[in-house]
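What follows is a short report on a single structure.
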Number of protein chains: 2
Amino acid sequence: MTRRTDALSRERIVEATIEILDTAGESALTLRALTAHLSTGRGALYHHVATKDDLLAAASDGVIGRVLAEVGGHEDPAYAIRALALGIFTAIDGHPWVGSQLARDPGQPAVLQIWTSVGSQLTRLGVTGRARSDAGSALVNYVLGAAAQHAAGARRAPDQAARQEYLQALATKWAGEDPDAAELLRDHDDRAQFLAGVDIFLAGVSALRKPAGSG
Amino acid sequence: MTRRTDALSRERIVEATIEILDTAGESALTLRALTAHLSTGRGALYHHVATKDDLLAAASDGVIGRVLAEVGGHEDPAYAIRALALGIFTAIDGHPWVGSQLARDPGQPAVLQIWTSVGSQLTRLGVTGRARSDAGSALVNYVLGAAAQHAAGARRAPDQAARQEYLQALATKWAGEDPDAAELLRDHDDRAQFLAGVDIFLAGVSALRKPAGSG
DNA sequence: ACCTGAACACCGTTCAAGT
DNA sequence: ACCTGAACACCGTTCAAGT
């Protein structure tokens, strides 16, 4: 905070990277475009960043980090998980390149952050041990898969009429819990379908905790 | 079958593509390597293939198509879904480049094939209408997400001891249904966790069909 | 220590020229 | 119609040279 940020720094490079990705898309992110944007020489970047992949991972981590911080905690852990998932989905809707990037490396910081957040909410839900890592794996993989598919530009749309009807019903149901969520649902097909998937997993986790059928 | 396959054809090009990807990895697939492998000129490929992306999509479609054909139908639709998911997972384990490719474009033939297979098994399960497309979306996105993460080389491994114990239990349980599946499970952590996720999904679909709690 | 920018070793794709 | 292979317009990364 005290020093001038005029000089090149990893932070400034990551910032510029996010800006280019958001405004011009993933294909526009070349090191040449980036150095032009920062008005510096090509090799200068390599004093602050290991590789282009490193840069993409750092940019994704920045976006996801902000989302997870904003989402915060809701009292009901199941609701918190829905909010967490929806926050990630919304972020990827606004920054499609993040969706592609998250699918690329399971060990990158952004993905580990998501694991941690999901894990802590599952703990609050009362799920522990092996069941917790299974449920976490299921949820994280679902969210990342949906995110990548949506980011790549999902075009599936079977019958638009029935879908609108369903959307209304789901929005009404959710309105009881959070009017803002209901607002978001209206006219957002992919979002509604994504949330329906989250509910399927939550129902599955709950059902497997207290099985009421076989022995 | 009657004509000689000596000449260049889309099929021969796709075959050679799969071979290079399997033996040398995705980074080794260059059009230069491919033309060398086929001992032809660079531009010749473009008479049979639109672009390199087209080629990757065709190669993935070939692998997935074979898997879906082999998996066939089991009498119990829930079991058939597990077999389908496991088949895709195994294919991606053996051809990691397929996992990355499937995450890249939701409209490519291989992904549409997966949607179709999942959809028909869900119908056999008795799920229809809106519930069917929600469940299908959840399962497909989960499978593709897990596949991409696994393909990228998942390295998460918390406590190896408890995991081994769990594996044994799951393998024993599954042995009642299919000894071969139990065989596959032993010593395959990611595979077991993947299947646990499929079971969470199936439990969720079942639970949401006959809700036994709220009004 | 940090930066510059030319050079290096690649890419996917195109296209005039051949058969 | 199909194929050739040189040429084109790019890449990410490196590195001697500057300050």
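None of these values were measured; they are calculated from a predicted model. Just so it is clear, the values below take in all heavy atoms, side chains as well, and ignore hydrogens, waters and symmetry mates.
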TODO: Tell me which of B:Lys52 and B:Ala44 sits closer to the 5' end of DNA chain C, going by the nucleotide each one is nearest to.
DONE: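 With B:Lys52 and B:Ala44 compared, the 5'-side residue is B:Lys52.
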Whole-Å distance separating the [atom1] atom of [X] from the [atom2] atom of [N]:
X	N	atom1	atom2	answer
B:Leu55	C:dT13	CG	C1'	14 Å
B:Arg10	D:dC3	CZ	P	15 Å
A:Leu29	D:dC11	CG	C1'	12 Å
B:Tyr46	C:dT14	OH	P	6 Å

Do the side chains of [X] and [Y] get close enough for a salt bridge, i.e. N-O under 4.0 angstrom?
X	Y	value
B:Arg66	B:Asp61	no
A:Arg104	B:Glu26	no
A:Arg10	A:Asp54	yes

Open item on the list: Just to be sure I understand the rule, does A:Leu45 reach a base, reach only the sugar-phosphate, or reach nothing, if contact means heavy atoms closer than 4.0 Å?
Closed with: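 If one applies the 4.0 Å heavy-atom cut-off, A:Leu45 turns out to touch nothing in the nucleic acid.
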- [ ] Just call it for B:Leu34: base, sugar-phosphate, or nothing, with non-hydrogen atoms closer than 4.0 Å on any strand.
- [x]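 Result for B:Leu34 = nothing.
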- [ ] Check every atom of C:dG12, D:dC3, C:dT4 against the side chain of B:Thr40 and return the nucleotide holding the closest atom.
- [x]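 Among the listed nucleotides, the one closest to the side chain of B:Thr40 is D:dC3.
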Open item on the list: With a 4.0 Å limit, can you tell me whether B:Thr51 has a side-chain N or O closer than that to the phosphate oxygens OP1/OP2 of C:dG12?
Closed with: no
Open item on the list: Please confirm whether the shortest side-chain N or O distance from B:His48 to OP1 or OP2 of D:dC3 is below 4.0 Å.
Closed with: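 So the side chain of B:His48 is within the cut-off, an N or O lying under 4.0 Å from OP1 or OP2 of D:dC3.
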TODO: Please give the nucleotide sitting opposite D:dC2 as a Watson-Crick or G-U wobble pair, both distances under 3.5 Å, or none.
DONE: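 Across all strands, the one nucleotide that pairs with D:dC2 is C:dG18.
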- [ ] State the pairing partner of D:dG12; accept Watson-Crick or G-U wobble contacts with both distances under 3.5 Å, and report none otherwise.
- [x] C:dC8
TODO: Give the ring-plane orientation class for A:Phe89 versus A:Phe194, where under 30° counts as parallel, over 60° as perpendicular and anything between as tilted.
DONE: parallel
Open item on the list: I'd like to know if A:Arg42 reaches the base of D:dG12 with its side chain such that a donor and an acceptor end up less than 3.5 angstrom apart.
Closed with: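 Flag unset: no donor-acceptor pair detected.
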